[in-house]
Amino acid sequence: MTVDILSRSQSLKRERKRQFLLEGIAIVAIAIFLIGVMPLLLTPFRLRLLGRFLSLAIVALGIDLIWGYTGLLSLGHGIFFALGGYAIAMHLQLQLPPGQIPDFFPLYGVTELPLFWQPFYSFPFTLLALILIPSLVAGFLGYLVFRNRIKGVYFSILTQAALIVFFNFFNGQQKLINGTNGLKTDTNQLFGVVVSSQPAQFAFYTATILILILLYVLTRWLTSGRFGRLLIAIRDDENRVRFSGYDPTAFKVLVFAISGGIAGISGALFTVQSGIITPSAMDVAFSIEMVIWVAVGGRGTLVGAILGALLVNYARTFLSEQFAEVWLFFQGALFLIVVTVLPDGILGWLRSWQWGKVRALLGMSAPVVTYPSLEQDPEVQKERQEVGEDGNQ
Amino acid sequence: MTETILKIEDLTVSFDGFKAINNLNLSLKKGELRVIIGPNGAGKTTLQDVITGKVQPTTGQVYFKGRKITGLSEHEVARLGIGRKFQTPRVYLNLTVRQNLDLACNRNKNLLSTLFKTIPSTEKRHVVGLLETIGLTAKADLSASLLSHGEKQRLEIGMLVAQSPDLLLVDEPVAGLTDEETENVGALLLALAESHSIIVIEHDMEFVRQIARQVTVLHQGSVLFEGMMDEVQTNPNVIEVYLGKSPELTPEQMTVLQIIALFIDSDGLFEIDDKRQIISEVAAKFAGGQDPTLVEETLQLYLSEEIEWDYAIAQLQHPGQKEQVLQLSQDILTSRGMESSECKIYQTLVQQLTKEDVVPNAEEAF
């Protein structure tokens, strides 16, 4: 019996290795296609759009990590997204001859650069800040919430409340960060190149793809080992986790912080590719949309999150270009459809029985559909195999 | 002299002034299997909550292996070596059986080591061994959501053992199991008792008789009695509060109630959940503002004795009782939207009661 198990786990291991290899090849192929081929197919405007959507896919990864795996529905990821965006925008605003300050300050009678702007002269600091500030804010917020064992819908409400607080703060502080007008980045320079110029935009596009892949690998690593299984365990039964000797608070704080950092990166990449960051990035609706992307793609599957973000955003662009007035209805309908018909999202739907239908359409043999417990019972499998061999003789 | 593994001193837990546990003292020797019984609301589950750190006591202390554990949180208590099994099986449904066990048997449950350390092969082998012990080897790579209720119970016990605790707290392990499964779980607990100290909380007296040596009876948050099983069964205090001789009811009322209980319990009349519901409704009616659980438990106990109809009906002395029986059973039928004229069992009951009527009346006439 033990030998049997060992050989089975060996073959499982080989299978897993093969899957990793396939996944790696697929990722490289997609990257080459996006970076090498897409620029030839699309106009610069469309390419910039794709870059923006890909950067939104990054925040979807973050949401999937905290919601899809750990089961905590955050409606406040706009905070972290905007913090990342503001960090990079502040750095870009400071690309001025010495002695000058960004041109909106004099409008409000500010003559000295506020103290907290100073460190953003440094590019390395900015890079660090656009990851660390959101993740520290997320970690702190998470610590307060999780330590008090607030979960479920109360967690969602709290994150949304925090979002509104942040929105109002950023909206009202003209003298600090230009209030509701936000910070423009298009006309600024980065390393001597105008941000909105084509070479710069192509660089951002490439960076977005590379970072997306990097973060995909990171989240994949986080979710596939013991740590990832513990996140699922927290989602399934947090009390059991606690009574097994794990401290769920630490795990949840860490995941929320990572998720916040990912959102910050996403916000920064989105900002440089759209040319402006305003407090509207902390709009309640936008944070809910992020959740919808993940729900549509399939929560608990990383590819699903990316796919969902791209799909919904493209649908939005297409529909709002064609029929501007129906987009909002469509988005509502989409969410309703997903919740009622595809509770596991598109990827979950493909993964379950529909995959058999697709195979059947392609002329391949469809797998027999029975009770899942029968389907996966090793004894039944063995019998099936034996019957099959007899039949072939 | 064996050492004490768990010691509870002057423990009081009050929720908004209600004392769920009232000045409780308890001590458990290493390697002991202790069963705690007591009526609903006696504080059994609260006691477990306090030991495992879920609830902090208002006053009093809990010592585990000589160390004070009050004030620690759940995961700290668990790491010290106290494992807890919940009443309903609680496993991680979206993980496979193997992954469930693997998470429980992780030696170092810190954040960083869980994140970065590769799983040592000793732990992998430990998991394989456990799979064999709980008999789930063939289903090791199945998602736990596909397991049956009994298999989930076994998996959770396996997860508990994987934690290698010194003290196991087990809450009603046989609730909802068949007789055969109950016996298996009993045997498993007795086997575990060889190397662990165990506290079992149980309602099922039959099961308690199977496994118990030392029994502690809780009542209203304090220890009412502590001793061997047969002493417990004969102790008048225990019989009064737990086995349910309700002092509020006269023997006549009790006979009526028992027949009603038999009527409710008769085959094919009501669904199982409904039966329980009706019995508690009737019990509440008779308890007259007192706590109906005692009456209810007495009735359940009575039903478990499988008394014959004829014998029960023969106990009826007065015509008034019979009228009461008929009235009550008709009320029950109408309250569930049934016609008494269409209910066969009711008709038989009427026949039996009226037939028997003749004999005692004739005797009285002489």
Side-chain angles (χ1 to χ4, degrees), chain A residues 1-6 8-9 11-13 15-16 68-69 71 147 149 218 221-255 257-258 300 344 371-382, chain B residues 52-54 73-86 90-96 98-100 102-119 124-125 128-129 131-132 137-148 156 159-160 162-163 165 169:
Chain A
M1 206 57 181
T2 325
V3 180
D4 197 31
I5 292 174
L6 285 179
R8 208 164 78 206
S9 80
S11 73
L12 271 177
K13 214 179 271 172
E15 176 74 6
R16 220 171 288 153
Y69 284 89
R147 198 197 49 170
R149 304 204 177 164
L218 173 79
W221 172 68
L222 281 176
T223 53
S224 55
R226 215 176 219 175
F227 182 80
R229 293 200 287 275
L230 196 84
L231 297 186
I232 296 175
I234 290 176
R235 186 183 73 193
D236 278 358
D237 195 335
E238 190 176 336
N239 266 328
R240 180 78 260 171
V241 172
R242 206 171 261 137
F243 286 111
S244 298
Y246 293 97
D247 180 12
T249 309
F251 288 87
K252 282 155 78 178
V253 167
L254 180 72
V255 169
I258 292 175
D344 295 325
Y371 288 104
S373 57
L374 279 183
E375 201 61 33
Q376 296 186 28
D377 192 326
E379 283 161 28
V380 175
Q381 292 299 323
K382 199 170 164 230
Chain B
T52 50
K54 192 179 176 203
S73 62
E74 292 100 318
H75 68 273
E76 288 166 324
V77 173
R79 284 183 197 176
L80 285 177
I82 297 182
R84 179 174 186 179
K85 154 106 185 58
F86 293 94
R90 294 176 80 163
V91 296
Y92 312 124
L93 296 177
N94 287 302
L95 297 177
T96 66
R98 191 195 299 275
Q99 289 169 342
N100 265 286
D102 172 67
L103 277 185
C105 101
N106 186 1
R107 276 295 136 262
N108 196 339
K109 288 171 175 160
N110 287 327
L111 179 67
L112 292 179
S113 67
T114 307
L115 186 52
F116 292 112
K117 232 176 68 182
T118 50
I119 303 168
K124 280 186 190 163
R125 247 174 281 138
V128 172
L131 280 170
E132 219 156 316
T137 305
K139 301 194 169 180
D141 295 305
L142 275 193
S143 151
S145 56
L146 300 178
L147 298 182
S148 72
E156 197 185 5
M159 285 164 74
L160 216 59
Q163 265 170 260
L169 301 180

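Sequence lines set the chain letters: A, B, ... in the order given, protein chains first and strands last, and positions in each chain run from 1.
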Novice: Any chance you could measure A/Arg149, atom CZ, to B/Ser73, atom OG, to the nearest 0.5 Å?
Specialist: 7.0 Å
Novice: Could you go through the side-chain contact (heavy atoms from CB on, under 4.5 Å) check for B/Val91 and A/Asp237 one step at a time?
Specialist: CA-CA 7 Å; B/Val91 296; A/Asp237 195 335; over 6 Å; no
Novice: Return the OG to CE distance between A/Ser244 and B/Met159, rounded to the nearest 0.5 Å.
Specialist: 5.0 Å
Novice: Going from OH on B/Tyr92 to CD1 on A/Ile232, what distance comes out if it is rounded to the nearest 0.5 angstrom?
Specialist: 12.0 Å
Novice: Please report the shortest heavy-atom distance between A/Arg240 and B/Phe86, naming the atom on each side.
Specialist: NH1-CD1, 3.7 Å
Novice: Non-hydrogen atoms of chain A under 4.5 Å away: do they reach the side chain of B/Leu160, the backbone, both or neither?
Specialist: side chain
Novice: With chain A, which of B/Asn94, B/Leu93, B/Ile82 has the greatest number of heavy-atom pairs at distances under 4.5 Å?
Specialist: B/Asn94
Novice: With sequence neighbours left out, what residues match B/Arg125 under side-chain contact (heavy atoms from CB on, under 4.5 Å)?
Specialist: B/Ser121
Novice: Quick check on A/Leu222 against chain B: is it the side chain, the backbone, both or neither that has a heavy atom closer than 4.5 Å?
Specialist: side chain
Novice: Which heavy atom of A/Arg242 sits nearest a heavy atom of B/Ala78, and at what distance?
Specialist: O-CB, 4.2 Å
Novice: If you measure from CD on B/Glu74 to CZ on A/Phe243, what distance do you get to the nearest 0.5 Å?
Specialist: 4.5 Å
Novice: Testing B/Leu95, B/Asn100, B/Asn106 one by one against A/Arg229 for a side chain to side chain contact (heavy atoms under 4.5 Å, CB included), which residue passes?
Specialist: B/Leu95
Novice: Is B/Glu76 close to chain A through its backbone or its side chain, or both, or neither, when contacts mean heavy atoms under 4.5 Å?
Specialist: neither
Novice: Looking at A/Phe251, A/Tyr246, A/Phe227, which has the largest count of heavy-atom pairs under 4.5 Å with chain B?
Specialist: A/Tyr246
Novice: Show the nearest heavy-atom pair for residues A/Arg226 and B/Asp102, with the distance to one decimal.
Specialist: NH2-OD1, 2.9 Å
Novice: Nearest 0.5 Å, please: how far is CG in A/Leu230 from CD in B/Gln99?
Specialist: 11.5 Å
